[in-house]
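Take a look at the structure set out below.
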Amino acid sequence: MLDIKLIREQPEYVKQQLARFAFDPTLVDQVLSFDEARRRQVRTVEELKARRNSVSKAISKMSDPAERATHIAEMRTVGDEISALDRDLAQIEEGQRAVMLEIRNMPHPDVPDGRDDSENPVIYQEGEERTLPFPAKPHWELAEQLGIINFEQGIKLAGSRFYVMRGMGARLQRATIQWLLDLHGRQGYEEVYTPFVVKEQALWAAGQLPKFRDNLYRDEESGLWLVPTAEVPITSLYSDEILTAEQLPIYHVAYTPCFRKEQLSAGRDVRGIKRGHQFDKVEMYMFETAERSYAALEKLRRDAEECCRLLGLSFRTKLLCTGDIGFGSAKTYDVEVWAPGQGEWLEVSSCSNVEAFQARRANLRYRPEPGARPEFLHTLNGSGLGLPRTIIALMETYQQVDGSIVVPEVLRPYMGGTEVIGKE
RNA sequence: GGGGAGAUGACGGAGCGGUUGAACGUGCUCGUCUCGAAAACGAGUAGGGUGUAAAAAGCCCUCGGGAGUUCGAAUCUCCCUCUCCCCGCCA
């Protein structure tokens with residue numbers, strides 16, 4: 001959610017920023033007219049309420065029954081008026097909020113204009129688009145041959161875009177999760193384990209709703225939704241709270257499975273494990289002050305890159321342009337790793353500073369000084385990392401000519417010392 | 001699933017339907033005292049909205065959430081949510 005004061009005071013600036021996206025600027029005008037109507041309404045209702053309060057108080061002191069009756073009758077009318085006006089006001093407020101929730105975040109000045117993901121500039125790269133000294137296989141071939149991923153069983157159990165990881169495949173993923181959590185712990189993130197289902201409000205707070213409604217799994221009976229990312233529960237961890245300055249910053253890391261219907265990308269990436277309905281992810285999340293949030297974004301990005309570096313993968317970092325940046329984000333870096341089998345870069349992390357966008361939705365504030373007014377926090381999120389694509393890159397990068405896979409050194413302690421995943 | 005108890009400010013804990021946005025206590029902040037500290041004493045200590053160039057004053061709303069009764073509700077009624085205790089059931 002944007003700051004209503006900013007919209008009110010600099011509507012042209014807001015429109016101009018939003019115009020950099022394919023975004024309907026009339027929403028801003030809608031907000032403005034709601035806001036004006038709202039304030040007008042508030043003034044008239046409050047005037048009436050003030051009158052009722054003072055007259056009611058006076059009534060309690062009146063001794064003359066006739067005078068008393070006159071005033072009570074008068075206040076009865078005023079009371080009816082007030083409830084009618086209050087009803088209208090509630091409608092106006094609801095209307096305004098509904099539009100506010102539809103408006104995306106504004107971009108940071110660094111964000112370049114661009115049509116789509118092809119126009120995201122690469123700002124950093126480490127390692128090459130390496131080729132192997134033999135014909136590299138895609139991960140689904142390697143995994144099937146080694147018996148570490150079974151696609152048929154996934155389909156049998158839950159349908160397309162599901163798979164079953166087995167043996168050393170399952171173990172490799174679990175080892176990677178463990179290693180990532182430990183690494184981020186050393187980088188200063190406190191581990192949290194959250195529910196994997198949340199109330200609807202949490203999805204609004206994180207900005208998943210309204211946009212991704214069709215992409216989310218939901219249990220009608222309980223009204224709970226499966227999380228599409230750990231970002232969702234963590235965003236609401238401190239919602240409706242006022243944190244103290246000493247508590248900040250708060251850095252969290254969480255492992256969760258993620259559930260996405262992927263209807264928006266039907267037909268894309270159907271082979272392998274690149275895009276499933278259920279996948280695992282380790283997520284980093286930061287609660288920061290406005291002053292520090294962009295410095296924190298750089299740490300977040302470096303911490304994500306460090307995962308790739310230590311795993312020995314080629315990686316590069318892109319700055320997302322206006323055509324590709326997410327709904328809630330002010331500035332986003334994508335970190336991609338090279339997968340030699342398919343010869344493509346895979347996004348394993350997306351690091352965003354959403355500024356106060358989520359904090360306003362979640363009503364998440366902090367008090368800069370004792371006694372000072374509460375201010376909205378800035379929040380940041382970044383994967384560290386998404387598991388399937390990391391596993392793809394590992395398998396395709398570390399495959400050997402015989403189809404076996406060398407385990408990266410950092411993961412070996414987490415795999416009981418296993419150095420190579422070969423055929424049983 | 002059945003029965004009972006409860007939800008008030010940072011915390012504890014009062015609160016006949018009418019100067020109660022809320023006693024009292026604790027905590028916290030500032031001040032007096034002190035070489036300093038403790039103690040004691042004094043003052044202050046919610047959030048949102050409106051208002052304002054920005055503040056401030058003033059005004060409005062908020063005592064788990066919502067609806068209602070009333071001239072007036074923290075106090076009365078109804079619904080919901082959550083917490084605690086007992087019994088049953090299942091992991």
Side-chain angles (χ1 to χ4, degrees), chain A residues 1-13 31-101 193-205 219-225 233 236-248 250 290 356 359-377:
Chain A
M1 207 150 53
L2 297 181
D3 183 0
I4 182 61
K5 279 188 190 154
L6 181 67
I7 295 178
R8 192 148 67 206
E9 282 156 24
Q10 301 184 58
E12 289 315 311
Y13 169 73
V31 168
L32 284 171
S33 69
F34 270 123
D35 187 51
E36 202 187 319
R38 191 187 109 261
R39 290 199 293 164
R40 206 183 312 124
Q41 187 82 350
V42 162
R43 244 171 291 160
T44 58
V45 184
E46 290 192 350
E47 229 168 82
L48 278 178
K49 283 182 178 172
R51 197 154 134 251
R52 179 177 68 181
N53 286 346
S54 64
V55 174
S56 287
K57 197 172 279 184
I59 287 174
S60 67
K61 290 176 187 154
M62 289 176 188
S63 43
D64 178 10
E67 189 193 8
R68 209 182 157 93
T70 318
H71 285 280
I72 287 178
E74 189 197 340
M75 283 308 104
R76 209 187 312 249
T77 323
V78 172
D80 292 343
E81 250 179 282
I82 288 172
S83 36
L85 290 171
D86 262 342
R87 251 190 296 278
D88 294 347
L89 178 60
Q91 260 182 20
I92 294 168
E93 282 174 340
E94 202 182 313
Q96 179 173 345
R97 184 171 172 79
V99 180
M100 290 288 284
L101 287 171
Y193 172 89
T194 70
F196 300 159
V197 292
V198 292
K199 297 176 184 175
E200 181 171 333
Q201 172 54 33
L203 290 151
W204 285 100
D219 173 45
E220 285 290 338
E221 194 187 350
S222 64
L224 295 174
W225 305 59
S236 289
L237 224 42
Y238 308 101
S239 64
D240 294 315
E241 290 187 32
I242 300 173
L243 305 178
T244 63
E246 298 82 70
Q247 286 176 270
L248 299 173
I250 297 173
R360 284 197 197 92
R361 289 168 164 245
N363 190 29
L364 164 58
R365 294 167 297 170
Y366 79 104
R367 203 182 298 281
E369 302 269 326
R373 283 183 159 254
E375 285 175 23
F376 288 110
L377 286 164

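Scope of the values below: all heavy atoms of this structure, side chains included, with no hydrogens, waters or symmetry mates. Every chain is numbered from 1, with letters handed out A, B, ... down the list of sequences.
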Exercise. Does any non-hydrogen side-chain atom of A:Ile7 lie less than 4.5 Å from one of A:Asp35?
Worked result: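 No, side chains not in contact.
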
Rounding to an integer number of Å, can you tell me how far [X] [atom1] sits from [N] [atom2]?
{"X": "A:Leu48", "N": "B:C71", "atom1": "CG", "atom2": "P", "result": "16 Å"}
{"X": "A:Asn363", "N": "B:A46", "atom1": "CG", "atom2": "P", "result": "18 Å"}
{"X": "A:Arg360", "N": "B:G49", "atom1": "CZ", "atom2": "C1'", "result": "17 Å"}
{"X": "A:Gln201", "N": "B:G66", "atom1": "CD", "atom2": "C1'", "result": "16 Å"}

Look at the side-chain N and O atoms of [X] and state whether any lies under 4.0 Å from the OP1 or OP2 oxygen of [N].
{"X": "A:Arg39", "N": "B:G51", "value": "yes"}
{"X": "A:Arg367", "N": "B:A46", "value": "no"}
{"X": "A:Arg43", "N": "B:G51", "value": "yes"}

Check: protein-nucleotides 55-64 of chain B nitrogen or oxygen pairs below 3.5 Å:
| unit_1 | atom_1 | unit_2 | atom_2 | d |
| --- | --- | --- | --- | --- |
| B:C60 | OP1 | A:Asn53 | ND2 | 2.9 |
| B:C60 | O2 | A:Glu46 | OE2 | 3.3 |
| B:C61 | OP2 | A:Asn53 | ND2 | 3.4 |

Problem set entry | Sugar-phosphate, base or nothing in reach of A:Arg38, heavy atoms under 4.0 Å | sugar-phosphate

Exercise. Yes or no on side chain to side chain donor-acceptor pair (under 3.5 Å) for A:Glu36 and A:Ser33, after CA distance, side-chain angles and deciding distance?
Worked result: CA-CA 5 Å; A:Glu36 202 187 319; A:Ser33 69; over 6 Å; no

For this session: Determine, step by step, whether A:Glu81 and A:Arg52 satisfy the salt bridge (Lys or Arg N to Asp or Glu O under 4.0 Å) criterion, reporting the C-alpha distance in whole Å, the side-chain angles of both residues, the deciding distance to 0.1 Å, and the verdict.
Result: CA-CA 11 Å; A:Glu81 250 179 282; A:Arg52 179 177 68 181; over 6 Å; no

Seminar exercise, completed: ring pair (Phe, Tyr, Trp, His ring centres under 6.0 Å) filter on A:Phe196, not counting sequence neighbours, yields A:Tyr193

Problem set entry | Closest non-hydrogen atom pair between A:Arg361 and A:Gln201, with its separation |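 That closest heavy-atom pairing would be O-NE2, 3.6 Å.
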
For this session: Under 4.0 Å from any atom of RNA chain B, heavy atoms only: list the residues of residues 72-94 of chain A that qualify, in numerical order.
Result: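 Within residues 72-94 of chain A, the residues near RNA chain B are A:Ile72, A:Met75, A:Arg76.
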
Using atom [atom1] of each nucleotide, how far apart are [N] and [M] to the nearest Å?
{"N": "B:A40", "M": "B:A53", "atom1": "P", "answer": "48 Å"}
{"N": "B:C63", "M": "B:C76", "atom1": "C1'", "answer": "16 Å"}
{"N": "B:C84", "M": "B:A91", "atom1": "P", "answer": "23 Å"}
{"N": "B:C79", "M": "B:G4", "atom1": "P", "answer": "14 Å"}
{"N": "B:C85", "M": "B:G68", "atom1": "C1'", "answer": "32 Å"}
{"N": "B:U77", "M": "B:U69", "atom1": "P", "answer": "15 Å"}
{"N": "B:G13", "M": "B:C71", "atom1": "C1'", "answer": "33 Å"}
{"N": "B:G3", "M": "B:C80", "atom1": "P", "answer": "14 Å"}

Exercise. Which of these passes side-chain contact (heavy atoms from CB on, under 4.5 Å) with A:Arg360: A:Arg365, A:Met100, A:Met1?
Worked result: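 When side-chain contact (heavy atoms from CB on, under 4.5 Å) is applied between A:Arg360 and each of A:Arg365, A:Met100, A:Met1, only A:Met1 qualifies.
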
For this session: Name all residues meeting the side-chain hydrogen bond (donor to acceptor under 3.5 Å, both in side chains) criterion together with A:Asp240; count only those two or more places apart in sequence or in a different chain, and write none if there are none.
Result: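 With sequence neighbours excluded, A:Asp240 shows a side-chain hydrogen bond (donor to acceptor under 3.5 Å, both in side chains) to A:Asn363, given in chain and number order.
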
Problem set entry | Distance, nearest 0.5 Å, that separates CD of A:Gln10 from NZ of A:Lys5 | 13.0 Å

Please tabulate, one pair per line, each protein N/O and nucleotide N/O from nucleotides 15-20 of chain B that are separated by under 3.5 Å, including the distance.
| unit_1 | atom_1 | unit_2 | atom_2 | d |
| --- | --- | --- | --- | --- |
| B:G18 | O6 | A:Arg68 | NH2 | 3.0 |
| B:G18 | N2 | A:Ser56 | O | 3.1 |

Exercise. Tell me, which stems hold RNA chain B, with a stem being 3 or more Watson-Crick or G-U pairs in a row and both distances under 3.5 Å?
Worked result: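 Looking at RNA chain B, the stems formed by three or more consecutive pairs are B:1-7 with B:81-87, B:10-12 with B:24-26, B:27-32 with B:40-45, B:46-50 with B:58-62, B:64-68 with B:76-80.
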
For this session: For A:Glu94, look at atom CD and say whether over 12 heavy atoms of other residues, nucleotides or ligands are found less than 6.0 Å away.
Result: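 Not buried by this count: 12 neighbours or fewer within 6.0 Å.
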
